[in-house]
Asker: 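What follows is a structure written as structure tokens; I'll ask about it next.
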Amino acid sequence: MRFQKDRQYYKFSLYGFFKNLRFFEPFYILFLLGRGLSYVEIGSLYTLREILRNIFEIPAGAFADAVGRRRSMLMAFVLYILSFLVYYISKSYWGFAAAVVLFAFADAFRSGTHKAMILQYLKMKGWEDQKISYYGHTRSWSQAGSAFSALIAALIIFITGNYDLIFLFSIIPYLIDLILLYSYPPAFDEGKTNFKFSALKKKFKAVGKDFIVSFKRMELLRAMLNLSVYTGYYKAIRDYLQPLIKSLAITAPVAFLAGYDAGKKTAAIIGITYFVLYMLTSRASLYSGKIASRFRNVGIPLNISILAGLGAGIISGFLYLSGFKLAAIFVYMIIMIMENIRKPMGISHVSDKLEKDIMATALSAAGQTETVVAALLAPLIGFFADLWGPGTAIIIVSGLMLLLSPFYLAGENPDKKSPNKPG
């Protein structure tokens with residue numbers, strides 16, 4: 001049965017669109033470098049965020065299963081807004097660290113929960129066989145949000161020259177998402193315990209037991225690693241596109257920006273580049289289901305996309321060092337495109353192996369694996385970037401992940417075909 005674009009479909013899609021209006025993201029590393037932080041210090045902030053998220057991922061997922069996914073999401077967005085406010089007023093490393101702590105808590109409550117809500121809704125409607133296409137459609141809205149976010153952020157910086165304002169403006173779409181989440185059907189909270197410590201503790205134990213039993217299966221563990229390891233790599237490395245673009249913006253002659261200073265040129269070129277990039281990733285997510293349907297097993301495109309993304313990182317680094325900066329940026333985009341092709345496939349691949357009652361918990365565990373990888377790679381790439389520059393750092397980290405790929409590539413499972421259908 002083909003899924004319908006009903007009211008909830010558009011709510012899911014608009015949630016992703018507004019959630020990705022994080023105006024600071026295309027400029028995050030440049031913002032912190034401009035405040036005097038080194039690459040190692042920036043890497044330590046990434047690690048702090050990922051470690052804290054790692055600690056709270058599974059309890060937060062169990063919290064969502066126990067007291068309601070919608071309530072958990074509302075709490076997450078309140079924490080995000082507080083984090084943006086702290087970023088706006090902070091001027092030192094420790095102020096940014098405080099903002100990172102709030103952001104990590106918010107991510108822990110959000111991660112896996114909204115995906116579980118989508119999968120729950122598909123089950124309620126009898127559209128489970130459409131999950132790759134459905135999730136790919138909603139994720140494409142998220143990427144479109146990121147595209148417009150980049151243009152708006154660039155415009156804010158171009159006009160004001162003030163990086164701080166992009167955090168303040170990010171509060172507006174998150175307030176809209178708070179209202180949107182509140183309007184989700186009460187069914188997402190049905191059958192959950194109230195906010196009583198004794199009942200919550202009992203539910204945590206029950207969910208934890210089911211969680212441990214499910215994860216003793218090697219097939220599920222391998223599927224989790226395949227989904228999570230590349231995403232962790234992507235999270236650690238994606239923002240290093242910013243210094244690559246800045247290097248190009250400073251040196252390249254751009255006719256329509258002639259007469260503007262380096263800061264305005266950088267803002268404009270980053271905004272345009274990220275807009276194009278996220279429009280491409282939006283289409284990648286949209287067609288993820290169709291791509292998966294061309295293979296007899298979803299593990300095949302999952303593996304191809306991992307190898308293509310890691311190879312792109314290595315090639316991009318060498319192009320940057322050789323002076324082909326524009327080519328390096330285009331190849332670097334493949335890292336992000338591969339993430340958005342494979343994410344809907346990976347979510348479906350993992351969810352096929354989950355017990356339905358621990359959906360949010362198990363997807364949060366996938367998020368936990370992502371954060372471990374990102375936490376390990378972020379200071380490593382920062383260390384090498386301080387020593388030899390971002391180009392060399394990208395080559396080393398991408399090469400290391402490629403060497404380790406036999407440990408997390410998806411296994412062959414010829415008896416079970418890809419669950420998606422073109423849509």
Side-chain angles (χ1 to χ4, degrees), residues 19-64 67 71-114 163-175 177-178 181 204 228 231-232 234-239 360-361 363-383:
K19 186 261 296 181
N20 277 28
L21 291 181
R22 296 176 172 179
F23 302 131
F24 57 88
E25 281 196 337
F27 300 92
Y28 186 66
I29 284 185
L30 298 183
F31 166 75
L32 294 174
L33 288 171
R35 293 299 180 272
L37 274 64
S38 66
Y39 280 112
V40 168
E41 287 175 321
I42 293 171
S44 72
L45 290 178
Y46 277 76
T47 300
L48 175 64
R49 183 185 68 193
E50 302 305 326
I51 288 175
L52 289 176
R53 181 162 48 194
N54 183 45
I55 292 171
F56 287 98
E57 277 274 333
I58 294 176
F63 179 89
V67 304
R71 292 170 182 162
S72 181
M73 292 292 293
L74 291 171
M75 181 179 297
F77 274 76
V78 170
L79 291 171
Y80 279 129
I81 291 169
L82 291 174
S83 174
F84 299 157
L85 286 171
V86 175
Y87 268 117
Y88 177 68
I89 65 176
S90 296
K91 303 298 179 185
S92 68
Y93 174 87
W94 293 110
F96 299 135
V100 165
V101 170
L102 289 168
F103 195 93
F105 287 163
D107 264 0
F109 280 104
R110 182 191 61 82
S111 179
T113 304
H114 198 263
Y163 280 84
D164 297 351
L165 287 176
I166 54 180
F167 290 100
L168 197 61
F169 276 95
S170 295
I171 293 174
I172 298 172
Y174 274 56
L175 287 173
D177 255 350
L178 262 178
L181 286 165
F204 268 48
S228 305
T231 297
Y234 160 79
K235 287 180 177 179
I237 205 169
R238 63 182 175 185
D239 288 343
T361 307
L363 289 177
S364 287
Q368 186 184 49
T369 307
E370 296 169 9
T371 61
V372 170
V373 175
L376 292 173
L377 293 183
L380 190 64
I381 190 172
F383 173 76

Asker: Starting at CD1 of Ile237, measure out to CD1 of Ile381 and round the result to the nearest 0.5 Å.
Answerer: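 So the CD1 of Ile237 and the CD1 of Ile381 are separated by 4.5 Å.
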
Asker: Any side-chain donor paired with an acceptor under 3.5 Å for Tyr46 and Asp239?
Answerer: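 Yes, a side-chain donor-acceptor pair sits under 3.5 Å.
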
Asker: What pairs with Arg35 under salt bridge (charged side-chain N to carboxylate O under 4.0 Å, His left out), at least two apart in sequence or on another chain?
Answerer: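 Asp164.
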
Asker: Under 4.5 Å between any side-chain heavy atoms of Leu376 and Val372, yes or no?
Answerer: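 In contact.
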
Asker: Between His114 and Lys19, is a side chain to side chain contact (heavy atoms under 4.5 Å, CB included) present by the stated rule, with each step listed?
Answerer: CA-CA 11 Å; His114 198 263; Lys19 186 261 296 181; over 6 Å; no

Asker: Once you round to the nearest 0.5 Å, how far does CG of Leu165 lie from OG of Ser170?
Answerer: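 Reported value, rounded in 0.5 Å steps: 10.5 Å.
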
Asker: Please evaluate residues Tyr88 and Phe24 with respect to the criterion side chain to side chain contact (heavy atoms under 4.5 Å, CB included), reporting the C-alpha separation (whole Å), side-chain torsions for both, the decisive distance (0.1 Å), and the verdict.
Answerer: CA-CA 11 Å; Tyr88 177 68; Phe24 57 88; over 6 Å; no

Asker: Calculate, to the nearest 0.5 Å, the distance between atoms CZ and CZ belonging to Arg110 and Phe77 respectively.
Answerer: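 Here the interatomic distance stands at 6.5 Å.
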
Asker: What's the verdict on side chain to side chain contact (heavy atoms under 4.5 Å, CB included) for Ile171 and Leu85, showing C-alpha distance, side-chain angles and the deciding distance?
Answerer: CA-CA 8 Å; Ile171 293 174; Leu85 286 171; 3.4 Å; yes

Asker: Roughly how far, to the nearest 0.5 Å, is CG of Asn20 from CZ of Arg22?
Answerer: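 Atom-to-atom, Arg22:CZ and Asn20:CG are 6.5 Å apart.
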
Asker: Of all heavy-atom pairs between Thr113 and Ser72, which one has the smallest distance, and what is that distance?
Answerer: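 Scanning both residues completely, I find the closest heavy atoms to be OG1-OG, 4.3 Å.
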
Asker: Do Phe84 and Tyr174 have their ring centres less than 6.0 Å from each other?
Answerer: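 Ring centres of Tyr174 and Phe84 closer than 6.0 Å.
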
Asker: My understanding is that only residues two or more places apart in sequence, or in another chain, count here; which of them pass salt bridge (charged side-chain N to carboxylate O under 4.0 Å, His left out) with Glu41?
Answerer: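 None.
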
Asker: Pairs of donor and acceptor atoms involving the side chains of residues 95-105, under 3.5 Å and at least two apart or interchain, shall be tabulated with distances.
Answerer:
none

Asker: Quick check for you: to the nearest 0.5 Å, what is the distance between Leu377 atom CG and Lys235 atom NZ?
Answerer: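 Reported to 0.5 Å precision, the distance equals 12.0 Å.
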
Asker: Step by step, would you call Ile172 with Leu175 a side chain to side chain contact (heavy atoms under 4.5 Å, CB included)?
Answerer: CA-CA 5 Å; Ile172 298 172; Leu175 287 173; 5.7 Å; no

Asker: Does Arg238 make a cation-pi contact with Tyr28, if we ask for NZ or CZ under 6.0 Å from the ring centre and within 45° of the axis?
Answerer: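 Judged by the rule (NZ or CZ under 6.0 Å from the ring centre, within 45° of its axis), Arg238 is not positioned above Tyr28.
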
Asker: Give me the atom names and distance for the closest heavy-atom approach of Thr47 to Ala375.
Answerer: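 Minimum heavy-atom separation between Thr47 and Ala375: OG1-O, 3.1 Å.
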
Asker: Between Tyr93 and Ser44, is there a side-chain donor-acceptor contact under 3.5 Å, judged purely by atom types and distance?
Answerer: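 Ser44 vs Tyr93: donor-acceptor pair found between side chains.
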
